[in-house]
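Scroll down for the structure; my scribbles are underneath it.
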Amino acid sequence: LPFKLTNGQQNALSEIIADLRNNLLTYNSEKESPKPPMNRLLQGDVGSGKTLVAFLSMLYFALELAPGNQCAFMAPTEILARQHMANFQKFFPQFANKAVIVTGSQKTAEKRLVNDLIYTGSALFVFGTHALFQEKIVFKELGFCIIDEQQRFGVNHRRLLFNKGTNPNQLLLSATPIPRTLSLTIFGDMDTSIINEMPPGRCPVVTTIEKNFKSALPAIESELEAGHQVYIVCPLIELSDERDWISVEEAAENVEEMLPNVSYATLTGAQTW
């Protein structure tokens, strides 16, 4: 890597590797009564490097600890799944040809090729969305499952993926300690690793509360002058008589009125593509 891991990343990676090693050694020496696979939650703020730690643990598992075993990395959206695979291939180009992606939008010919690579074990690192637990996806030897933004998947979703292997190790990634995530660690027999520091050079995130759009204008104009983009996220698409919440339509009108020289666009789920 072109940079050094933070202490938090190193500690988390050490804990994950220790789990993977201990479970495999116990399994090999006590085949009749193997130790349960790793069940660990990796928690850390956005930008703390959870994904990189997951990548390194995948490499260690599939190349050093259990050669030939496959790793599945599931993300909640296709954009995120593709981003993860692109980053994996950028960091580790020597293993780029061992990585494939599975999504619902793939054409039939591409799906068939990817399925064959997974079935034969040629693909060691399989990225994807919910499409990973389709019946047609058959792993040769799935030994390690990583689920990003685990709070966005249900228990049955995770089970469907785990059932693709034989008691695979699981690593859940989360930046959001919501009650369901906390209950997993308390009642789900799950260990926890925490990355409690950010890599050097990261700009701190500043959160402020403004009364309305007009009071936020100075901050918006400052970012625009710096050549940055501004995103305005609204709870409604259209004005509502039932709720006094800002809508996308109203926000667009505010931008047009208060920032007449700024180009803007709206994006909603109701729009056709």
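- No side-chain heavy atom of Phe3 sits less than 4.5 Å from a side-chain heavy atom of Pro199.
- Side-chain contact check for Gln170 versus Ile147: every heavy-atom pair is 4.5 Å or farther apart.
- Below 30°, between 30° and 60°, or above 60°: for Phe55 and Phe73 the angle between ring planes is between 30° and 60°, a tilted geometry.
- Follow the hydrophobic side-chain contacts under 4.5 Å out from Phe92 and you reach Phe127 in the same cluster.
- Closest non-hydrogen pair, Met198 versus Val46, comes out as CE-O, 3.2 Å.
- A donor-acceptor distance shorter than 3.5 angstrom exists from the side chain of Gln70 to the backbone of Ala123, with no hydrogens or angles considered.
- What you find for Pro218 and Ser215 is that their closest heavy atoms are CD-O, 3.5 Å.
- For the pair Leu217/Leu259, a side-chain contact is recorded, criterion being any heavy-atom separation below 4.5 Å from C-beta on.
- Shortest non-hydrogen contact noted between Glu15 and Thr192 is OE1-O, 4.2 Å.
- If you chain together hydrophobic residues whose side chains sit under 4.5 Å apart, Phe91 and Val53 fall into the same group.
- Side-chain contact between Leu1 and Leu52: present, with at least one pair of heavy atoms (C-beta onward) separated by less than 4.5 Å.
- Partners of Glu64 by side-chain contact (heavy atoms from CB on, under 4.5 Å), not counting sequence neighbours, listed by chain and number: Tyr60.
- Using a 4.5 Å cut-off between side-chain heavy atoms of Ile, Leu, Val, Met, Phe, Trp and Tyr, with links allowed through other members, Phe213 and Trp245 fall into different hydrophobic clusters.
- For the atom pair OG of Ser247 and CD of Glu253, the computed distance is 7.5 Å after rounding to the nearest 0.5 Å.
- Other residues, nucleotides and ligands place no more than 12 heavy atoms under 6.0 Å from the CD1 atom of Ile79.
- Residue Ile17 is grouped with residue Leu65 when hydrophobic side chains (ILVMFWY) are merged at heavy-atom distances under 4.5 angstrom, including chains of intermediate members.
- Using a 4.5 Å heavy-atom threshold, the side chains of Lys111 and Thr108 count as separate.
- Looking only at side-chain heavy atoms (C-beta outward), Glu250 and Leu236 stay at 4.5 Å or farther from each other.
- Proximity of Ile118 to Val102: side-chain heavy atoms (C-beta onward) are separated by under 4.5 Å at one or more points.
- The CG atom of Leu117 sits 9.5 Å away from atom NZ of Lys98, with the distance rounded to the nearest 0.5 Å.
- Atom NZ of Lys140 is surrounded by 12 or fewer heavy atoms from other residues, nucleotides or ligands within 6.0 Å.
- Connection of Leu224 to Val233 is not established within any shared hydrophobic cluster, with ILVMFWY side chains joined at heavy-atom distances below 4.5 Å, either directly or through further cluster members.
- The aromatic rings of Phe125 and Phe88 sit tilted relative to each other, their planes meeting at an angle between 30° and 60°.
- Side-chain contact between Arg40 and Asn169: absent, with no pair of heavy atoms (C-beta onward) separated by less than 4.5 Å.
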* To do: Kindly determine whether Ile195 and Leu42 satisfy side-chain contact (heavy atoms from CB on, under 4.5 Å), including the steps that lead there.
  => CA-CA 8 Å; Ile195 301 178; Leu42 176 57; 3.9 Å; yes
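- When all heavy atoms of Phe144 and Pro168 are compared, the closest pair comes out as N-CB, 4.0 Å.
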